[in-house]
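A short worksheet on the structure shown next.
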Amino acid sequence: MVVFAGQGDPRRSLSLLWRADALPASRGGPGPKPGLSVDAIVAAAVALADEEGMAALSMRAVGDRLGRTAMALYTYVPGKSELLDLMYDAVHAELPTRYGEKGDWREALTAWAGEVLEFFVRHPWVLQVSQARPVLGPHEYAGLDTLLTLLRATDLPAGVVRRLVGTLFPFVRGSAQAVADARLAAAATGSSDEEWWAARSAALLELVPDFAERFPAVSGLEAEGPAEPYPGPGPDDAMPFPEREARETFRVGLGVLLDGIGAARADRS
């Protein structure tokens, strides 16, 4: 399920994101219930999405978590669209904004990519928010500013840096999606990865006996043995195979991308 951000009223959404208007800090009610706030509503919504996924998100479900009705939330957040924007921007505050005080651009970008990967894995629902239309919130901008700062340290031209943002960020996001899917597959389908592959591999060999002849590149690569590890520590061997493969692919792919940046720097010099 893909969700597009920025579907609410533009001025109201941006005012909430940037806290530009005077917003009610709390709102008391009869009985001992604590007052509501925008931050409390957003925190409850994030916890709900982290635990149960984007499909479970609704104003009513968030209200239930806070011991309030959905109507009580509308004083603070106009609707689900604005709430999604606030959630998305709020969790981005977790990302560090300082890297590489030693001035090593490669080390800094490696650390940044690892942090962003783990951020997405912690909040897999964020991966369902399309990048076609940004939220335009302060924490999202802080993340972009951080990456731009790291890339400008490579001394590559501004035009190249812009394209590298459009290369590195989707790469990390796609790698995180692979990790998140690997974690979800067994629970969502009711069968382990070993059971799934065993059943389908046997059926494929039986139904497509000329597989190797029809797909020689695929078969040839498999025949050459396991993938060569990229230099450096790899994922924990105790990790489930699909997630370990996804993380190793991320590590190797990132290394090659950074090699390319280094080669571009050398060509420019």
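Between the side chain of Trp112 and the main chain of Glu107, no donor-acceptor pair closer than 3.5 Å is present. Distance alone, capped at 3.5 Å, places no donor-acceptor pair between the Arg68 side chain and the Leu73 backbone. In this structure, Gln128 contributes its side chain and Met1 its backbone to a donor-acceptor pair below 3.5 Å. A donor-acceptor distance shorter than 3.5 angstrom exists from the side chain of Asp85 to the backbone of Gly6, with no hydrogens or angles considered. Between the side chain of Arg65 and the backbone N or O of Ile41 there is no donor-acceptor pair closer than 3.5 Å. Of the possible donor and acceptor atoms, none in the side chain of Glu222 sits under 3.5 Å from a partner among the backbone N and O of Ser219.
With sequence neighbours excluded, the residues forming a ring pair (Phe, Tyr, Trp, His ring centres under 6.0 Å) with His92 are Tyr88, Phe119, listed by chain and number. When the ring pair (Phe, Tyr, Trp, His ring centres under 6.0 Å) test is applied to Tyr74, no partner is found at least two apart in sequence or on another chain.
Applying the salt bridge (charged side-chain N to carboxylate O under 4.0 Å, His left out) definition to pairs two or more places apart or across chains, none involves residues 184-208. Among pairs with a residue in residues 128-146, none fulfils salt bridge (charged side-chain N to carboxylate O under 4.0 Å, His left out), at least two apart in sequence or across chains. Residue pairs satisfying the ring-ring contact (aromatic ring centres under 6.0 Å, His included) criterion with at least one member in residues 134-153, sequence neighbours excluded, are absent. For residues 239-261, the ring-ring contact (aromatic ring centres under 6.0 Å, His included) pairs, not counting sequence neighbours, are Phe171-Phe250.
Taken from CZ in Phe215 to CG in Leu221, the straight-line distance is 15.0 Å, to the nearest 0.5 Å. Between Lys80 atom NZ and Met87 atom CE the span is 9.0 Å, to the nearest 0.5 Å. Expressed to the nearest 0.5 Å, how far CG of Asp50 lies from CD of Glu52 amounts to 10.5 Å.
Residue Trp196 places its CH2 atom among more than 12 non-hydrogen atoms of other residues, nucleotides or ligands, all under 6.0 Å distant.
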